[in-house]
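Every number for a ligand or one of its atoms is a count from 1 in the order of the listing. Values below: every heavy atom of this structure, side chains too, minus hydrogens, waters and symmetry copies. Owing to the predicted nature of the structure, the values given are computational and were not obtained by experimental measurement.
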Amino acid sequence: MTAWWHKDPLHPLIKTLGKDKVFTTAENLALYGIDATTFSGDPLAVVLAESTEDIQAAIDFARENELSITPRGAGSGLSGGSVPISGGIVLSCERMKIIESVDSKTKTAIVQPGVVTEKFQREVARYKLFYPPDPSSYKISTIGGNVAENAGGLRCFKYGVTSHYVLGIEYVNSEGEVEQTGILSSKLSNPDITSLLIGSEGTLGVFSRIALRLIQIPEKTVTLTALFLKSEVGLESIDEIINLGLTPSVMEYIDRKSLTAAANHIGVSFPDQAGVMLLIEVDGKKDEVIDTLHQIEAKLKKNALVVEVAEDSEDRDRLWNLRRAISPSLVRLATGKIQEDIAVPRGKLAEMSVHLSEISLKRGVEIAVYGHAGDGNLHVVILYSVYNQGEIKTAKLAAQDVYEAAISLGGTITGEHGVGCAKRDYLHLQLSDLNIQLAYQIKKNIDPHELFNPGKIFPSKGSWKSSSSHTSHSNL
Ligand SMILES: Cc1cc2nc3c(=O)[nH]c(=O)nc-3n(C[C@H](O)[C@H](O)[C@H](O)COP(=O)(O)OP(=O)(O)OC[C@H]3O[C@@H](n4cnc5c(N)ncnc54)[C@H](O)[C@@H]3O)c2cc1C
C-alpha cells in the first residue's frame, strides 16, 4: 500500500530513476517547455535520462499512466519539435553524451544521442576523420536532435544532410523495448527502418545510440566571399559555378538586410553598394582546391563588385562569425520574427527572390533572406512587432504567401527545420491527404499508444501557447 505522503503521481518514476533525474520545479518546467521558437508547453515533469534503461523507465511510466513523451536534445529546434504538450513528460537526452567509439579503420562511430555536434566533429578530427553535417547550431545541437530532424547545414551541397551519415539507430519503442537498426542490429537485413526513424521528429521512439559514417578529413579548405549589387545576379552566379561542374562545400547566400544586421552586430563594415553576399568554401585535395578556387574567382569576378579570398584562419573565422551572427542579429531588429525555411529547386532561386520582394511590398513587411543557396534552401525571416496585432496577422499572411510561392516553384515549406507544430497546419499545402494519412498510419502502427510527441507533424491532441504561431525569438 502506498503511504499517504507518497500520493505524488510521479513518485514511482522518482523512486525508479532517483530525484536527480526527475524535475518538477516551475523553473525547470518552464525551461524545458520551450525550444528556439516561441511555442511553449507546460510539462508535468522533465526526465534527464543518463542511460537506455532510464529512457525505458520513463517510457514505461508514461505508457502506464497515459502520459505523453516528448524527446529532447538541446532544444535548438526551429519548428517546435521538442516543445511538450501540456501535462506530458519531457525526456531529455542531454546527459547521454558519451562518444562510445570512433573506428578509423571502418570510418564509423557510435555515440549516445546527447553528444553535441561540434564536440563530435572535434573528436573525430583527432583521428583525421570528418563528420560533415553542420547545422549552424552545431555548437549546441545534439546528434540525437540532428538525426530526428534530419538536420541540414552549411556543407549540404557537397556532403549531403544527416541522413547520409546514419548507419544505424538504437531506439526505445512505446512498449519500452530496445530495438536496433542498421549496423547496430545483429540481424542486418531489409527492410531496414533506419531511414524511417531519421527525420521522425521524436514521433516514433527515443534514440538511445546512433552509429555514424565518417569520411576522410579534407586536406585543405579555402573560404571566399563575393559581393553583388543585386540578389538575382548573386543567385545566378551560384548556378553558373555549378554548371562549370564544380562542387564547393559551402554556398551561402546573405541578402543586404541580413548582412547589415550581422555586420553591425560584430562591428565590421562592407561596401555601401553591396546588395548581397555569397560565402563560398571549397575543400578537398590541395591541388584540386586551388584549381577550383581559381575557376570560381574568375567566374564571380565577371559580375561581382568585390571578390575576396580569406588569407588565413583568422580571416576565415571572421567570415564565419559574420555568417553565424545573422540569426542573433536579426532578432534585435524587431520584437517578433517568423523564421521560414523554404527550399526550391536551385535553378529557381532567382525567381523565388523576386517573389519574396513582391511579398514584402504587397504585405508591407520587412523580410530578410539568407541560407544554404547551394541546396536551394532559403531562411526567410519576416519581421514584425509582437505588440501590434495587425502586424502579427500580416506577418502570418506573408508566411503563407512564402509557402505558396515555394510550392508553386516545385519547392517545399521546410528545407531542414522540420514540421513540428510550426508547420503541421500547412503540411496539406504540400502533401496530399492520402500521403499525410499514410504517414500517420505508419506512426500509429509503430506507436499505437500515441505516446511520442503528440501534435507534431500530424494534427492530434496537444496544446501549446504561442502569441504569434511559429515565431522565433532565438538568441542563439
Ligand atoms: C541559430 C540556429 C541555427 C540553426 N541552423 C540550422 C541549420 O543550419 N540546419 C538545420 O537543419 N537546423 C538548424 N537549426 C535547427 C536545430 O538546431 C536543428 O533542428 C537541430 O537538429 C536540433 O537539435 P537539438 O539537439 O537542439 O534537438 P531539439 O530541438 O531538442 O529536438 C528536435 C527534435 O528532435 C527530437 N529528438 C531530440 N532528441 C531525440 C532523441 N534522442 N530521440 C528521438 N527524437 C529526438 C525532438 O523530439 C524534436 O522533435 C538551427 C537552430 C538555431 C537556433
Side-chain angles (χ1 to χ4, degrees), residues 32 34-37 39 49 52 54-55 58-59 68-85 88-97 111-118 120 133-156 161-163 169-173 197-210 250 252 323-331 337 339 341 343 370-372 375 377-379 381 414-422 424 447 452-457 472-476:
Y32 286 87
I34 55 172
D35 66 357
T37 63
F39 287 98
T52 304
D54 289 351
I55 296 177
I59 290 176
S68 66
I69 289 273
T70 294
R72 183 179 175 97
S76 73
L78 286 170
S79 56
S82 57
V83 176
I85 60 163
I89 293 179
V90 173
L91 179 46
S92 169
C93 296
E94 71 195 63
R95 287 185 179 169
M96 294 179 67
K97 47 186 175 200
V111 301
Q112 289 189 333
V115 171
V116 170
T117 318
E118 185 197 29
F120 180 59
D134 63 337
S136 308
S137 51
Y138 78 126
K139 282 181 193 258
I140 47 166
S141 72
T142 64
I143 297 289
N146 293 170
V147 174
E149 294 287 359
N150 190 14
L154 303 157
R155 290 192 281 251
C156 295
V161 294
T162 303
S163 61
I169 296 175
E170 177 186 277
Y171 69 102
V172 184
N173 69 18
L197 296 170
I198 299 168
S200 58
E201 301 187 18
T203 62
L204 299 181
V206 183
F207 309 152
S208 45
R209 287 167 81 224
I210 298 161
V250 172
E252 290 289 297
R323 167 63 184 84
R324 296 209 168 91
I326 297 174
S327 184
S329 60
L330 286 174
V331 173
K337 72 173 176 120
Q339 166 122 20
D341 159 49
Y370 65 99
H372 319 309
D375 300 304
N377 183 200
L378 294 179
H379 300 323
V381 182
T414 168
E416 58 178 14
H417 293 164
V419 179
C421 45
R424 62 166 210 188
D447 175 22
F452 296 122
N453 224 354
K456 308 300 164 58
I457 307 181
S472 166
H473 301 283
S474 156
N475 264 319
L476 299 164

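- When each atom of ligand 1 is checked for a heavy atom of Cys93 under 4.0 Å away, the hits are 41 (N).
- Within the 3.5 Å criterion, the main-chain N or O of Gly145 finds a donor-acceptor partner in the side chain of Thr142.
- Residue Arg72 touches ligand 1 through backbone and side chain together, judged by heavy-atom distances below 4.0 Å.
- Residue-ligand proximity: His372 is placed with a non-hydrogen atom under 4.0 Å from ligand 1.
- With a 4.0 Å heavy-atom cut-off, ligand 1 is reached by the side chain of His417 but not by its N, CA, C or O.
- Shown in contact with Ser141 at under 4.0 Å from a heavy atom are these atoms of ligand 1, numbered in order with element: 20 (C), 23 (O), 25 (O).
- In this view, Arg323 and Glu252 satisfy the salt bridge (Lys or Arg N to Asp or Glu O under 4.0 Å) rule, not counting sequence neighbours.
- No side-chain heavy atom of Val161 sits under 4.5 Å from any side-chain heavy atom of Glu416.
- The atoms of ligand 1 that sit less than 4.0 Å from any heavy atom of Ala148 are 34 (O), 35 (C), 36 (N), 44 (N), 45 (C).
- Close contacts between ligand 1 and Pro113 involve ligand atoms 41 (N) [criterion: under 4.0 Å to a heavy atom].
- Within the set Pro71, Ser76, Ser327, the minimum heavy-atom distance to atom 51 (C) of ligand 1 is found for Ser76.
- When each atom of ligand 1 is checked for a heavy atom of Ala74 under 4.0 Å away, the hits are 24 (P), 25 (O), 26 (O), 27 (O), 30 (O).
- Without hydrogens or angle criteria, Lys456 side chain to Gly81 main chain gives a donor-acceptor distance under 3.5 Å.
- Between the side chain of Ser79 and the backbone N or O of Ala422, no donor-acceptor pair lies under 3.5 Å.
- The nearest non-hydrogen atom to atom 20 (C) of ligand 1, considering only Thr117, Thr414, Ile140, Asn146, comes from Asn146.
- Under 4.0 angstrom from ligand 1, the non-hydrogen atoms of Pro135 come from both its backbone and its side chain.
- Residue Gly73 has at least one heavy-atom neighbour below 4.0 Å for each of these atoms of ligand 1: 25 (O), 28 (P), 30 (O), 37 (C), 38 (N).
- Heavy-atom proximity to Asn453, at under 4.0 Å, picks out these atoms of ligand 1: 47 (O), 49 (O).
- Residues that satisfy the salt bridge (Lys or Arg N to Asp or Glu O under 4.0 Å) test with Asp54, not counting sequence neighbours, are Lys21.
- Side-chain contact check for Val90 versus Ser82: every heavy-atom pair is 4.5 Å or farther apart.
- His372 and His379 have perpendicular rings, their planes meeting at more than 60° on a 0 to 90° scale where under 30° would count as parallel.
- In this comparison of Ser82, Gly199, Gly202, Ser136, the heavy atom closest to atom 6 (C) of ligand 1 sits on Ser136.
- Under a 3.5 Å cut-off, the side chain of Arg424 and the backbone N or O of Gly455 do form a donor-acceptor pair.
- Ligand 1 has no atom lying under 4.0 Å from any heavy atom of Asp35.
- For Gly205, the closest heavy-atom approach to ligand 1 falls below 4.0 Å.
- Of the N or O atoms in Gly152, one or more lie within a sub-3.5 Å distance of an N or O in ligand 1.
- Side-chain contact, Thr117 with Ser141: a donor N or O sits under 3.5 Å from an acceptor N or O.
- The ligand atoms of ligand 1 that sit less than 4.0 angstrom from a heavy atom of Gly81 are 47 (O), 48 (C), 49 (O).
- A side-chain donor-acceptor contact under 3.5 Å links Asp341 and Thr414.
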